[in-house]
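Nothing here was measured: the structure is a model prediction, and the numbers come from that model.
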Amino acid sequence: MTTMNPAAIVALLFAVSAAACGVAHGGETTVNTVFSNAVIHTLDEDRPPAAAIAFGDGRIIAVGSTDEVLAAAGPGARTVDLGGATVIPGLVDAHAHFLGYAKSRAWIDLVGTGSPEDVVGLVAGRAAFGSGWIAGRGWDQNDWDDPVYPGRGDLDAVAPDWPVYLSRVCGHAAWVNGAALAAAGVTAETPDPTGGKILRDAGGEPTGILLDTAMELVSSIMPPPTRNEERALLRDAARRCLAAGLTGVHEMGVSAATIKLYREMYDAGELPIRLTLYVDCEEPGLDSILAAGPLRGHAGGMLDVVGVKFFADGSLGARSAALLEDYHDDPGNRGILVVDLDTLADRLAACHRHGFQAAVHAIGDRANRVVLDAIERISGESPAPDRRHRIEHAQVVSEADILRFAALGVVPSMQFTHCTSDMSWAPDRLGADRLAGAYAWRRLLDAGCRIPGGSDFPVESIDPLLGIHAAVTRAGVDGEPAGGWFPDQRLDAGEAVRSFTADAAWAAHQEGNRGVLAAGMFADLTVLSADVMTVDPATIPEIEVLMTVVGGRIAYSRKGFSAIP
């Protein structure tokens, strides 16, 4: 793999930071920068791969041959030899939970725990050295030898005095202890909330497992981090995303308070990554946000508020995704539909009228059908431009509904690593007949859709290269299963990279500024150690992010140098 020596990186950091920030040097106030000796994939259909790219004042000046680009950059441009590295448009995660990821960094990391005993051991360790609430995220009973939900008794044994709240990896189930239930006032008499379920034992007592909206009975009383703690966690989350090659994130389900916090942080120059926000549909101030209309281009294009996040069902792993027929491994259970068609259509119509995109979480085939029905119902609403309403996940879709996505202009926003995480147990949940419409990327592409790629982090890793690998191979990083799981649904490398670049931009109406490398676009670049388009797909996870450039500023470099003011 191609790497750059430390001296080259230091020179590059100085050159690009000076150009982006207008730093005076030797009487110069603005210096354009040229990256040369690179393999540059523009993702622009009208422009082939290039060897050089020039940018200044935060935007791309030219892409093409070295001579062409140097001429366009003008005299005095700083030229940096990338040593054959690969440059692609800045990678964007089109579905994630940025604040949730930031907060989870302070929680117990339960991803990869192999048994309930492993989880309990980590909780015991935290209980021995702390007080107050104990929170964690990432357990998955499907990874255990006995894949059944645990109970509160195990947690009570090691943390009898402190409330414990442990979110399942999908974020649609929580495992809590007796102290947490008591703090929330949840008893045998507590009814299931609309759109949720309290699992109970034979005597009617809560077992300690809460599904979907029932989680809020406990999570809503947990003490939040202070404002300063939250800002520090967000800065750390931004650094980690940039190190993974991400220049932007579409964040799902934010509150008005979070929007205010982000605006303050961007105005103070604290966040070096672009965020595109979708407001939580349960936000009390939603009507005011809708009336004000979308926010685009705040802080020089760093922050947009463009849509509203809704929910139609739960998750497949928690058996709360809404299915048309019973779960194959749980007869009598068809999951949880958290909203009815009439209510959903009314709420989507309000969103539509005010110029916002709707982004609706739908995993099961019944939930996807209800959302498609609701969007079809409002399709005649005025104004009716190219709104690009989105279905987030579109994980299990009836074959009869696949063609409806393109016909209705609905964007299937999908997360490729969900497939490789779920493939070991999804057949048990769905049975053979429904698998044809599960994680059906190729069918949706062939039907005329564009698929923005995401991860749903912190549910999955923040690493977009793992998403590209999953899209191209439909196999785990261990290469299993050989040849991929339902390999006919694989994407090629160009399609996979496009999902995290051009299609992610298009999915939020940002294609005028982002997603491809062309003159006039934001200078958002991800520099890689190998050519993701041509390497053996099995080696994609081994590619290193050498550099992440946002608006012409180096926001991350592999050697740890930073040009962030």
Tell me, do His250 and Gln510 make a side-chain contact under 4.5 Å, heavy atoms counted?
-> yes
Value for CZ (Arg498) from CZ (Arg450), rounded to nearest 0.5 Å, stands at 6.5 Å
- Query: Got Trp485 and Thr420 here, is their nearest side-chain heavy-atom distance under 4.5 Å?
  - Reply: no
Q) Mind checking whether His172 and His361 have ring centres under 6.0 Å apart? A) yes
Closest non-hydrogen atoms of Gly364 and Ala321, given as atom of the first, atom of the second and distance, are N-CB, 3.8 Å
Is there a salt bridge (charged side-chain N to carboxylate O under 4.0 Å, His left out) between Arg429 and Glu325? Walk through the geometry before answering.
CA-CA 11 Å; Arg429 294 285 191 277; Glu325 302 293 339; over 6 Å; no
Heavy-atom closest pair (Leu403 atom, Ala447 atom, distance to 0.1 Å) is CD2-CB, 3.8 Å
Correct closest heavy-atom pair for Ala555 and Val550 would be CB-CG2, 4.1 Å
Report task. Using a strict 4.0 Å threshold on nitrogen-to-oxygen distance, state whether Lys309 and Glu392 make a salt bridge. Result -> no
* To do: Decide, yes or no, whether a salt bridge links Glu230 with Lys103 under the criterion of side-chain N to carboxylate O below 4.0 Å.
  => yes
Value for NE2 (His389) from OG (Ser379), rounded to nearest 0.5 Å, stands at 9.5 Å
A side-chain contact here means heavy atoms from C-beta on lying under 4.5 Å apart; do Leu344 and Val371 qualify?
yes
- Query: Do Arg274's NZ or CZ and the ring of Phe522 fall within the cation-pi criteria of under 6.0 Å and 45°?
  - Reply: yes
Q | Derivation of the salt bridge (charged side-chain N to carboxylate O under 4.0 Å, His left out) call for Asp488 and Arg490 | A | CA-CA 6 Å; Asp488 62 311; Arg490 291 179 301 195; over 6 Å; no
query: Would you say Asn368's side chain and Val396's backbone share a donor-acceptor pair under 3.5 angstrom?
result: yes
- Item | Lys/Arg N to Asp/Glu carboxylate O, Asp329 vs Arg319, below 4.0 Å | yes
Regarding Asp428 and Tyr327, is there a side-chain donor-to-acceptor distance under 3.5 Å anywhere? no
Worked verdict on Val279 versus Val305 for side-chain contact (heavy atoms from CB on, under 4.5 Å): CA-CA 8 Å; Val279 186; Val305 183; 3.8 Å; yes
Check your understanding: When the ring planes of Trp441 and Phe416 are compared, do they come out parallel, tilted or perpendicular, using 30° and 60° as the limits?
Key -> perpendicular
CA sep, side-chain torsions, deciding dist, call: Arg442, Glu495, salt bridge (charged side-chain N to carboxylate O under 4.0 Å, His left out)
CA-CA 10 Å; Arg442 173 57 57 194; Glu495 291 166 336; 2.5 Å; yes
inquiry  = Would the distance check show the side chain of Ser413 and the main-chain N or O of Ile391 forming a donor-acceptor pair, the cut-off being under 3.5 Å?
reply    = no
Just so I know, are the side chains of Phe457 and Asp463 near enough to count as touching, which here means a heavy-atom distance under 4.5 Å? no
In terms of heavy-atom contacts, Ile363 and Ser315 come closest through CD1-CA, 3.9 Å
- Message: Walk me through whether Phe356 and Arg387 qualify under side-chain contact (heavy atoms from CB on, under 4.5 Å).
- Response: CA-CA 8 Å; Phe356 284 85; Arg387 188 71 75 226; over 6 Å; no
*Would you sort out whether Asp304 and Arg514 count as a salt bridge (charged side-chain N to carboxylate O under 4.0 Å, His left out), showing the intermediate values?*
CA-CA 13 Å; Asp304 291 344; Arg514 314 178 194 182; 3.3 Å; yes
Exercise. Taking the side chain as every heavy atom from C-beta outward, state whether Lys260 and Glu264 have any atom pair closer than 4.5 Å.
Key: yes
Handout entry: Backbone of His95 reached by a side-chain donor or acceptor of Tyr278 within 3.5 Å
Key = no
Taking C-beta and beyond as the side chain, do Leu91 and Thr247 meet within less than 4.5 Å on heavy atoms?
no
Using a strict cut-off of less than 4.0 Å between a Lys/Arg side-chain nitrogen and an Asp/Glu carboxylate oxygen, indicate whether Arg404 and Glu376 qualify as a salt bridge.
yes
Does the side chain of Met521 come within less than 4.5 Å of Asp44's, by heavy atoms? no
Point to revise | Exam field: side chain Thr526 to backbone Gly245, donor-acceptor pair closer than 3.5 Å | key: yes
* Sidechain-backbone polar pair: His41 side chain, Ile88 backbone, donor-acceptor under 3.5 Å -> no
In terms of heavy-atom contacts, Leu430 and Ala438 come closest through CD1-CB, 4.0 Å
Partner of Arg377 under side-chain contact (heavy atoms from CB on, under 4.5 Å), picked from Leu372, Asp346, Leu341, is Leu341
Heavy-atom closest pair (Ala318 atom, Cys170 atom, distance to 0.1 Å) is CB-SG, 4.4 Å
| said: Keeping Asp313 on the side-chain end and Leu337 on the backbone end, is there a donor-acceptor pair under 3.5 Å? | reply: no
side-chain contact (heavy atoms from CB on, under 4.5 Å) filter on Ala507, not counting sequence neighbours, yields Arg390, Val411, Pro452
(Q) Go through it in stages, so that I can follow the logic: the residues are Phe98 and Leu234, the test is side-chain contact (heavy atoms from CB on, under 4.5 Å), and I'd like the CA-CA distance, side-chain angles, deciding distance and then a yes or no. (A) CA-CA 8 Å; Phe98 187 70; Leu234 285 165; 3.6 Å; yes
Is it the case that the side chains of Gln415 and Asp93 hold a donor-acceptor pair, with the cut-off being a distance below 3.5 Å and no angle test?
no
Checklist entry - Going by atom types only, do Glu460 and His418 share a side-chain donor-acceptor pair under 3.5 Å? => result yes
Evaluate the side-chain proximity of Phe311 to Val360: yes if any heavy-atom separation is below 4.5 Å, no if none is.
-> no
* Asked: Are the side chain of Arg168 and the backbone of Asp140 linked by a donor-acceptor contact shorter than 3.5 Å?
  -> no
Quiz item: Would a distance-only check, ignoring hydrogens and angles, find a side-chain to backbone donor-acceptor pair under 3.5 Å from Asp401 to Val397?
Solution: no
- prompt: Hey, are Arg263 and Asp267 close enough for a salt bridge, meaning a charged N less than 4.0 Å from a carboxylate O?
  reply: no
**OP:** Indicate yes or no for a side-chain donor-acceptor contact from Arg347 to the backbone of Cys281 under 3.5 Å, with no hydrogens or angles considered.
**Re:** yes
Run the side-chain contact (heavy atoms from CB on, under 4.5 Å) test on Val308 and Leu286 for me, step by step, so that the C-alpha distance in whole Å, both residues' side-chain angles and the decisive distance to 0.1 Å come before the verdict. CA-CA 9 Å; Val308 180; Leu286 181 60; 4.0 Å; yes
### Message
Could you check whether any side-chain N or O of Gln357 sits under 3.5 Å from a backbone N or O of His509, counting only pairs where one atom can act as donor and the other as acceptor?
### Response
no
